[in-house]
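Within every chain, numbering begins at 1; the chains are lettered A, B, ... in the order of the sequence lines, protein sequences first and strands thereafter.
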2 protein chains.
Amino acid sequence: MEPTEELADLLSPPTLTPGARRILEVASDLFYRGGLHAVGVDTIAAESGVTKRTLYDRFGSKDGLIRAYLQLRHQRWWERMQRRVNQAPGSPILALWDSYTLDAEPSDRGCAFINAAGELPEDHPARDVIRAHKRAVLDLLTELLRRSRGPVDDAESTARQIFLLLEGGMSQRGIDGDDHMLRSGREVVEHLLDLTPPEAGPGSRADS
Amino acid sequence: MEPTEELADLLSPPTLTPGARRILEVASDLFYRGGLHAVGVDTIAAESGVTKRTLYDRFGSKDGLIRAYLQLRHQRWWERMQRRVNQAPGSPILALWDSYTLDAEPSDRGCAFINAAGELPEDHPARDVIRAHKRAVLDLLTELLRRSRGPVDDAESTARQIFLLLEGGMSQRGIDGDDHMLRSGREVVEHLLDLTPPEAGPGSRADS
DNA sequence: GACCAAGTTCACAGATCTGTGAGATCGGAG
DNA sequence: CTCCGATCTCACAGATCTGTGAACTTGGTC
């Protein structure tokens with residue numbers, strides 16, 4: 001369930017001083033709403049009642065802060081999503097899906113990771129956080145599918161399909177500012193999960 | 001086939017002076033590769049062998065240039081894609097899909113419109129270009145589906161599904177820097193087009 | 001009381017950003 | 001010849017950007 005190795009990477013920096021926490025909190029909000037390049041460190045420092053000096057003492061650079069921002073963002077969302085998936089009365093896949101719509105901010109700018117990827121150069125230190133995040137989601141989807149059906153199946157292929165629908169929906173949410181495409185995607189997934197039933201269906205899907 | 005009203009919007013500014021053309025050409029390259037905020041007007045002007053004065057005389061502001069950049073980007077891609085779709089020996093849907101992989105730059109930063117949406121505020125003058133572009137793609141998909149099967153069908157729903165897969169694949173390409181997720185999506189679409197055949201059983205599909 | 005990490009103060013460096021003002025140049029069209 | 005659109009020159013305004021240097025304060029801990 002836990003992405004074993006990668007999560008160490010994705011955790012926010014070890015111990016976070018009170019000031020650093022405030023900075024990160026504010027940065028997280030401003031970066032998400034305004035974009036990475038559009039928000040300056042002066043604004044972040046001022047808004048979090050902290051001097052720029054402290055910001056640089058804690059995070060080293062703006063790029064370091066950006067990295068921490070995405071780590072925090074992942075951590076927060078991942079925990080909430082896990083809770084939903086584990087407590088889901090119905091399909092855990094749909095619970096995961098719904099986490100995207102239920103845990104969204106009112107100021108909806110779509111997926112923070114997609115947006116960040118669009119702004120950051122290829123060699124930016126936060127790129128691996130972005131990739132690890134997406135990877136974790138895809139892996140979890142695969143795992144959930146494997147668990148909910150026969151062990152030998154096209155779980156990976158189906159996981160990729162659902163993943164793509166999800167990413168498409170999120171990217172479109174960032175463009176439209178609303179959910180309607182994401183909702184469309186949910187219907188597809190419902191349909192998909194019906195068409196490929198647990199294993200109760202007609203005979204065992206040993207398949208070719 | 002043509003998005004009637006919107007295309008007037010999406011066309012690049014009426015007559016483009018030689019200087020303006022060079023500016024737009026350079027800006028298109030730099031914006032796509034470097035991002036919108038990360039590239040300054042000084043760089044664009046210098047790189048296109050033109051003074052900043054000319055840039056502002058032609059495009060009014062950086063935001064105006066950004067808008068023109070996306071318009072050009074749409075125009076270019078749209079024409080190439082249309083050609084592929086019309087000349088496709090097999091499924092026009094797959095031809096559309098392949099346009100995303102075949103007409104990609106070597107420096108692959110994913111979808112210019114998704115990236116732009118992630119960087120621009122809600123009220124930016126280029127936002128409607130982004131939305132119109134995505135809208136045009138979705139509409140074309142719907143139209144192609146309607147044409148290739150019985151007139152009364154779930155063409156809209158299927159179009160949305162393919163659209164989401166496409167957007168997911170493109171957004172992922174911007175993150176991974178490669179095509180493999182987009183290719184995965186293509187397989188899904190192939191499968192999808194088989195499962196929902198023209199209106200007869202197996203056979204009447206010319207197929208790719 | 002000494003030590004230490006966290007944070008403050010504040011000035012400053014040096015670059016880069018978007019955008020403008022006013023006048024000169026140059027080629028083509030009437 | 002004259003007018004005009006396109007472009008160039010070039011200085012400059014004013015803001016904003018990331019990042020740093022050096023010394024001071026404060027609260028807790030051994």
Would you mind reporting whether A:Tyr32 and A:Arg73 have side-chain heavy atoms less than 4.5 Å apart?
-> yes
Does a side-chain N-to-carboxylate-O contact under 4.0 Å join A:Glu25 and A:Arg21?
-> no
Rounding to a whole Å, what distance do you find between B:Leu16:CG and D:dA6:P?
-> 11 Å
From D:dC8, C:dT8, D:dT18, pick the nucleotide closest to the side chain of B:Val50?
-> D:dC8
Please determine if a side-chain N or O atom of A:Thr51 lies less than 4.0 Å away from the OP1 or OP2 oxygen of C:dT8.
-> yes
Report yes if a side-chain nitrogen or oxygen of A:Arg58 is closer than 4.0 Å to either non-bridging phosphate oxygen (OP1 or OP2) of C:dG7; otherwise report no.
-> yes
Would you mind reading off the distance between A:Phe59 atom CZ and C:dG7 atom C1', rounded to a whole angstrom?
-> 14 Å
Rounded to whole angstroms, how far apart are CG on A:Leu55 and P on C:dA6?
-> 15 Å
Side-chain heavy atoms of B:Lys134 within contact of B:Phe163, under 4.5 Å | yes
D:dA22 C1' sits how many Å from A:Asp57 CG, rounded?
-> 12 Å
Check the pair B:Asp42 / B:Lys52 against salt bridge (Lys or Arg N to Asp or Glu O under 4.0 Å), numbers first and verdict last.
-> CA-CA 6 Å; B:Asp42 289 282; B:Lys52 222 174 8 164; 3.4 Å; yes
Between D:dC8, C:dG7, C:dT18, which nucleotide gets closest to the side-chain atoms of A:Thr17?
-> C:dG7
Would you mind classifying the nucleic acid contact of A:Arg53 as base, sugar-phosphate or nothing, using non-hydrogen atoms under 4.0 angstrom?
-> base
Of B:Lys52 and B:Gly19, the one whose nearest nucleotide on DNA chain D sits closer to the 5' end is B:Gly19
Please tell me which of the listed nucleotides, C:dG7, C:dT20, D:dT7, lies nearest to the side chain of B:Pro18?
-> D:dT7
For A:Thr54 and for B:Gly60, find the nucleotide of DNA chain C with the closest heavy atom, then tell me which residue's nucleotide is more 5'.
-> A:Thr54
So what does A:Asp42 hit on the nucleic acid, given a heavy-atom distance under 4.0 Å: a base, only sugar-phosphate, or nothing?
-> base
